[in-house]
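All remarks here apply to the structure that follows.
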Amino acid sequence: MTQDIFGTKLMSEEEAVSKFIKNGDQLALGGFTVNRNPMLIIREIIKQGIRDLHVVCHSHGQGLDLLIGAGCVSYLEIAYGGMGRFAPTCIRFRKAVCEGLIKIDDYSNYQMSLRFLGGAMGLPFMVTKSGLETDLVKIDGFSKEDRGKGKIATKKLEITRNPFGKENDKVVLLPSLNPDVSIIHAQYVGEDGTVRIKGLTFADLEQANSASRVIVTCEEILSRSEIRKDPDQNSLPPFLIDAVVKAPMAAHPTACHYFYDYDPAHLRMYANMASDDGTFERYLKEWVYDIPDQAAYLEKVGLTQLARIKADPFLGYAPGLDRK
Amino acid sequence: MTQDIFGTKLMSEEEAVSKFIKNGDQLALGGFTVNRNPMLIIREIIKQGIRDLHVVCHSHGQGLDLLIGAGCVSYLEIAYGGMGRFAPTCIRFRKAVCEGLIKIDDYSNYQMSLRFLGGAMGLPFMVTKSGLETDLVKIDGFSKEDRGKGKIATKKLEITRNPFGKENDKVVLLPSLNPDVSIIHAQYVGEDGTVRIKGLTFADLEQANSASRVIVTCEEILSRSEIRKDPDQNSLPPFLIDAVVKAPMAAHPTACHYFYDYDPAHLRMYANMASDDGTFERYLKEWVYDIPDQAAYLEKVGLTQLARIKADPFLGYAPGLDRK
Amino acid sequence: MTAYSKLEMMAIAAGRLITDGDVVFAGTGISMLAATVAKRIHAPNSVVFFETGGIDPSLDELPLAVADPRVMAGASMNSGLIESFSLLSSQRLRTIAFLGAAQIDRYGNLNSTCLGDYHKPTNRFPGSGGACDAASLASGFIIFMEHEKRRFVDKLDYFTSPGWLHGNDSREKAGFNRGGPMAVVTNLGIMTFHPSTKEMVLSQHYPGVSPEDVANNTGFDVDLSKTSEVLPPTELELKTLRDQVDPQRLLLG
Amino acid sequence: MTAYSKLEMMAIAAGRLITDGDVVFAGTGISMLAATVAKRIHAPNSVVFFETGGIDPSLDELPLAVADPRVMAGASMNSGLIESFSLLSSQRLRTIAFLGAAQIDRYGNLNSTCLGDYHKPTNRFPGSGGACDAASLASGFIIFMEHEKRRFVDKLDYFTSPGWLHGNDSREKAGFNRGGPMAVVTNLGIMTFHPSTKEMVLSQHYPGVSPEDVANNTGFDVDLSKTSEVLPPTELELKTLRDQVDPQRLLLG
């Protein structure tokens, strides 16, 4: 029987970030816009002043915007930066791109997911027909000088002919991604380190399988026998996981299926505060820098609001929640 | 609410095969050696005298051997034909290959799985480093005349350079597969047509997602509300399924996790009978042609033997089963 | 006759373009309304799925984002992006996508990325997300747009998602094996594409809108000669939309 | 000292090559015995997984095939072939595979496909299965063989799984970015490969076996100059193998 996570992988968010994330790392963000963003780890990255991150993701919202706004990101490969009706375009993201504060390269969601899958499968590249002729394949967001540096691919992509098809059968080859670190939030981790994600997995599994190091925050720790009772439901094996942080509601203000809904009140407040440099700094101070730990964070959110977003155990979300 | 399977997709094995499988089809076999072979459908194919099949699979055993032995197969793309200790090499398979009764082209398990995945993802080809320099990539099992005919790929594969890597970074490109028909056996199908496979999925999902038509046999039909209570556990959506055949133990003599183990006595008997043309014909007569339906088949297996291989509901197999 | 809003007209008009059995790749907002109203009225066997991996959820409450937990409840399957885009690409299905954009050109090519130069944009939008994928891979797609000159442009600032490219057979020649824009549903009417040239034409205008209103709000020439007035929403359509699709009035307001 | 069989010696000798933390791609038969005895003795944090998708099952009973339901019980995860071969390829893991074959050459290249001409073989074996994949993609692999001249051949009838190819740096030059055969465990001893030429050398012979026995059963010249006698199975190794790994004596007989 392999060793359990106690005394080895189970640790605080502070230890997880200081041990496994450093300046300049290529970082894959788990979750998708309003769901299962690894917010606790993102706040900890900001608190530890980690800089010059090269973020790779598909469609991201809250966590990404905070990370960019706090000045942690230098390079970004992305398909979508938005928060639905709360911020159709992520606010600090938009500002950073328009002001040239970060270097950005655009792909599509499938393209980015395929790049993670390619990395996870140990393949050098993946193929798609998505994006032929568009600026996604014609405009390189990164400079020639940046190409090949660190984890930046030597080329954005390559257009070639399908050797099994006809003359016009062109395809796009996409370089696989193998990020330094993947951060994800899961509902459950077993005492043995097995990870179980409920609801949609987005590209979290491809990201974790492709990364050199993986940090998982979770709502609950299950016993070894409990999590191994139905192995069909499990998502990642222990030997790919470097750090497990037990932290209920670590995805707040984004949702975590079966545990809590997204927090419309917080997301509206964030959108308001993010739209001005001064109030954004205040948000960072009040909700990141001045918060010692997750318990204090949840205190600040407040029991009333936490009760509002508590998920129905069968539906997985908070029915009737005021989302206007 | 979409319509349910009653009166539309739920049908007998006879109807499923006559409606959806025809001479010359490219057929993907679900399961893996001793597990979840779609035996009922395979026996029905044999009974209906379907010929000239082009079988594509990875590692297959019982179902494949029977299909080859009965003379239904003309072309075979495969990675492995064996039944573990019961027949280290499949017996009728070996005979057919050595006697030139079928045309065969060898790939590896990952290569075949990638080809199904590529088809499932709508990609024209997949890339791998597996097999460089070996005869798997150097020897084409099919003739030049056969290449491009029907569903046979125009080329077995293509060796090229990884455009994102260094000089020697060679890779193998594999043409994707989109079989005419995929046949799989599942534990559960919902009244809505949703399929749930328990235990290992092998490449069944990639096969079903890549095929033009899909036939599923199952142990049990679940109500719509039951199968949709936990959508995370489901394997295939209704709109990819053409026929559902409710047939308990339709994978016998191979195993079906949580329902029954493989049947060592039957597999030994088969291996003995398959090794001689005369006794093999007798096996076909007794166990295929003379059996009117699944109920009669199970009667012939006998209650005592069915009880021996009945799976423990927690372990998923029959503990202590005599497997020597 | 019951009064209705432009949003209701758009959702219902777009929903009518869905046929029974379609596998619909939906976004949020108006596309959710369109897909759901179609499913509840004339296309009961159409299925809605989301790029995030949610396949055929019960949609008892309207999701406000494609990653809303409401796309996971009562679903046939919960999976992930790879599985969802694989389905989108499936050659055996008729997959229809709903897309929005910041800019569109006469061939239905879309920009949802930025205004100005890509490297120093004057405005930035969220980006492709799955839009480029849906436009590239689905059997067809339907676009929602506000009808304004600055959005219907002669040349896109950035080319995010492929429509009919340069018209005629250029899409096929570029390597796409199916798909292309079917219609543009705006607040003024429904635009389609000429069968051979693939140039945008006005197909239907809403009651109270004149073909000239469309021309005046389009940044390129558009053929007005074949337009007719749209059938306004029926009582059933309006009632379904209001009572069953968005009873919380999250989108209908 | 307790008597032991050649099979027990082979399983234990191979098990000793596993280091703690290895992620072991196991087949059935002797490789199951080797992997499991290693895990229960000196490599508790090694993990066994199967090409079929079973990851770290409890193995309370020995599986007789990689698709045996016993590779699904008490596992960390049940997945499928794609997931399993992805893990095998993972660049962050040390993945070690156990393989068998019908023929091997001096560079550890393997044949598990056929004898005679591929198109008209005199005998047919099951084929690659995952062997070519493991030999191509794992961090390293260990081969089990019966030591016979007809199996240790100068030239393979069919080349299924890549070892050191033509020796020296030919494997790297061919495009493989890691891996290669580490050892061949036979019923006579343990063969390894010369660090630079990659030719097979006799590394250890079993008690009661002479280096000449190895030479007489090998179809090509093999360097015997560096061999030493293998440490026979310890009491703990034998007891673990017999009482915990295969108490049903399915493989030990």
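Every heavy atom of this structure was used, including side-chain atoms; hydrogens, water molecules and symmetry mates were not. Chain naming here is simple, since letters A, B, ... match the order of the sequence lines and numbering starts at 1 in each.
If you measure heavy-atom distances from S84(D) to chain B, you find no contacts under 4.5 Å at all. When heavy atoms are compared at a cutoff of 4.5 Å, L64(D) approaches chain B by way of both its backbone and its side chain. Contacts between L117(B) and chain D at a heavy-atom distance below 4.5 Å involve the side chain alone, from C-beta outward. If you measure heavy-atom distances from P63(D) to chain B, the contacts under 4.5 Å come from the backbone alone. In this structure, no portion of N111(D) lies under 4.5 Å from any heavy atom of chain B. With a 4.5 angstrom heavy-atom cutoff, C90(B) does not touch chain D via any of its atoms. With a 4.5 Å cut-off on non-hydrogen atoms, L136(B) touches chain D through its backbone and its side chain both. Both the backbone and the side chain of Q248(D) come within contact range of chain B, each with at least one heavy atom under 4.5 Å from a heavy atom of that chain. Using a 4.5 Å cut-off between heavy atoms, S59(B) contacts chain D through its side chain alone, with no backbone atom that close. For D322(B), no part lies under 4.5 angstrom from a heavy atom of chain D. Looking at I104(B), both its backbone and its side chain come within 4.5 Å of chain D, counting heavy atoms on both sides. Using a 4.5 Å cut-off between heavy atoms, F314(B) does not touch chain D at all. Residue E167(B) does not touch chain D at all, counting heavy-atom pairs closer than 4.5 Å. With a 4.5 Å cut-off on non-hydrogen atoms, P264(B) does not touch chain D at all.
The distance from the CG atom of D68(D) to the CG atom of D261(B) is 6.5 Å, given to the nearest 0.5 Å. Annotation: the span from E133(B) atom CD to K173(D) atom NZ amounts to 12.0 Å, rounded to 0.5 Å. Between the CG atom of N78(D) and the CZ atom of F202(B) there is a distance of 9.0 Å, given to the nearest 0.5 Å. For the atom pair CG of N35(B) and OG1 of T52(D), the computed distance is 8.5 Å after rounding to the nearest 0.5 Å. Atom CG of residue D133(D) and atom CE of residue M112(B) lie 11.5 Å apart, to the nearest 0.5 angstrom.
Proximity of F85(D) to T128(B): side-chain heavy atoms (C-beta onward) are nowhere separated by under 4.5 Å. Between E61(D) and L321(B), every side-chain heavy-atom pair lies at or beyond the 4.5 Å cut-off.
Among the candidates L114(B), N168(B), L200(B), L132(B), the residue making the largest number of heavy-atom pairs closer than 4.5 Å to chain D is L200(B). When each of P126(D), G253(D), G175(D) is scored by its heavy-atom pairs under 4.5 Å with chain B, the top score falls to P126(D). Your options are G316(B), G199(B), A255(B), and the one with the most heavy-atom pairs under 4.5 Å with chain D is G199(B). Options K129(B), K198(B), R161(B) differ in how many heavy-atom pairs under 4.5 Å they form with chain D, and the most are formed by K129(B). Listed options I139(B), V137(B), I78(B), L205(B) were ranked by heavy-atom pairs under 4.5 angstrom with chain D; first place goes to I139(B). No other option in G81(B), C256(B), P88(B) has as many heavy-atom pairs under 4.5 Å with chain D as G81(B). Among the candidates H257(B), H58(B), K170(B), R323(B), the residue making the largest number of heavy-atom pairs closer than 4.5 Å to chain D is R323(B).
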| message | Please determine whether side chain to side chain contact (heavy atoms under 4.5 Å, CB included) holds for the pair T160(D) and D135(B), giving the CA-CA distance in whole Å, both sets of side-chain angles, and the decisive distance to 0.1 Å. | response | CA-CA 6 Å; T160(D) 313; D135(B) 285 342; over 6 Å; no
| message | Using side chain to side chain contact (heavy atoms under 4.5 Å, CB included), reason through L81(D) and F32(B) one step at a time and then give a plain yes or no. | response | CA-CA 10 Å; L81(D) 273 72; F32(B) 195 108; 3.9 Å; yes
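Across Y262(B) and R70(D), no two heavy atoms sit closer than the pair OH-NH1, 3.7 Å. The shortest heavy-atom contact between Y110(B) and S86(D) is OH-OG, 3.9 Å. Nearest heavy atom pair, residue L250(D) against residue R85(B), reads O-NH2, 2.8 Å. G127(D) and Y80(B) make their closest contact through O-CD1, 3.7 Å (heavy atoms, listed as atom of the first residue, atom of the second, distance). The two residues S128(D) and S108(B) make their nearest non-hydrogen contact at OG-CB, 3.5 Å. Among all heavy-atom pairs drawn from V34(B) and A65(D), the shortest one is CG2-CB, 3.9 Å.
Judged purely by distance below 3.5 Å, without hydrogens or angles, the side chains of Y118(D) and D106(B) pair a donor atom with an acceptor atom.
Side chain of R94(B) to backbone of R124(D): a donor-acceptor contact under 3.5 angstrom is found. Counting only distance, with no hydrogens or angles, the side chain of S136(D) and the backbone of G131(B) share a donor-acceptor pair below 3.5 Å.
E172(D) CD: 12 or fewer foreign heavy atoms inside a 6.0 Å radius.
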